[in-house]
Amino acid sequence: MQCAPFREAVSARLDGEPLGMPAADLDHHLAACPACAGWAAAVEGVTRRARLAPAPPVPDLTAAVLGALPQQLPGTAAAARARLLQAALRLALLAVGVAQAGLAWPALASGSAAMSAPVHVAHETGAWNLAVAAAFLAVAAAPRLAAGALPFLATFTVLLTVTTVRDLQAGHVHADRAAAHLLLLAGVVVITALAWRQRTRRVAAVVGREATA
């Protein structure tokens, strides 16, 4: 009978690995083969001495290792600045959204608007202002929505800016009424910044995954 498979099984048992055969077969062979039984005893003794041998003394390098570490991990300051800027943009957009909703409320509640506009026109204006305010507040709460809201808001802002400038030149609108549109412009600028930051973050994530692939 070949003893090599049984000795491999003995070694596997000492290492806590699968035996490769039934344990009963191994025990039966060890009971019937003095050579393998002696070999198993010797190997077990060597393994036990190796495991119980004291570790050689080594110098304590804890202080040296801790002293060599940088006081601040690379990129920590940049990440903190990025979080601060993100929070500032979201708070600014929240303020703009609340102010925009404040413009919408009088027109919706009482049907009164600037320049004595008809009631229905005032209601339409109020509804538009409230919808824009809702978009601002939604992006402030979830900046990932910035890119989706930007096409509508940017188009509306550009067209309103062009028509407002023409109406100012023609005397069709008062300056105080036109100044109220600055809220819309400010909100779109903030959303543009948020959308750009989200895009930059996604591109960086993709580049990082490709670099580690």
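Heavy-atom basis, side chains included; hydrogens, waters and symmetry copies ignored.
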Linking I/L/V/M/F/W/Y whenever their side-chain heavy atoms sit closer than 4.5 Å, directly or via other members, would [X] and [Y] fall into one cluster?
X      : Y      : answer
Leu130 : Leu183 : no
Leu185 : Val96  : no
Phe136 : Phe152 : yes
Leu85  : Val190 : yes
Phe156 : Ile191 : yes

Do you know the tightest heavy-atom contact between [X] and [Y]?
X      : Y      : result
Gly126 : Ala104 : O-CB, 3.2 Å
Pro34  : Ala32  : CD-O, 3.5 Å
Ala133 : Gly97  : CB-O, 3.4 Å
Ala141 : Arg90  : O-NH2, 3.0 Å
Val139 : Ala149 : CG2-CB, 4.0 Å
Ala195 : Ala146 : N-CB, 3.7 Å

Atom pair [atom1]/[atom2] of [X] and [Y] - distance to nearest 0.5 Å:
X      : Y      : atom1 : atom2 : result
Leu194 : Leu150 : CG    : CG    : 10.0 Å
Leu103 : Gln100 : CG    : CD    : 5.5 Å
Glu17  : Ser11  : CD    : OG    : 7.0 Å
Arg81  : Gln86  : CZ    : CD    : 15.0 Å
Asn129 : His181 : CG    : NE2   : 8.0 Å

Item to check | Step-by-step side chain to side chain contact (heavy atoms under 4.5 Å, CB included) determination, Arg166 to Val162 | outcome: CA-CA 6 Å; Arg166 291 179 178 177; Val162 172; 3.9 Å; yes
Do [X] side-chain atoms and [Y] backbone N/O form a donor-acceptor pair below 3.5 Å?
X     : Y     : result
Arg7  : Trp39 : no
Arg13 : Pro18 : no
Asp60 : Thr62 : yes

Item to check | Stepwise side chain to side chain contact (heavy atoms under 4.5 Å, CB included) test for Leu30 and Val10 | outcome: CA-CA 9 Å; Leu30 292 177; Val10 170; 4.1 Å; yes
Checklist entry - Do Gln198 and Arg144 have side-chain atoms, one donor and one acceptor, less than 3.5 Å apart? => result no
Next on the checklist: side chain to side chain contact (heavy atoms under 4.5 Å, CB included), that's the test. Do Leu89 and Arg197 meet it? Break it down for me.
Outcome noted: CA-CA 11 Å; Leu89 290 173; Arg197 288 174 59 80; 3.6 Å; yes
Next on the checklist: Side chains of Val165 and Leu168, heavy atoms from C-beta outward: is any pair under 4.5 Å?
Outcome noted: no
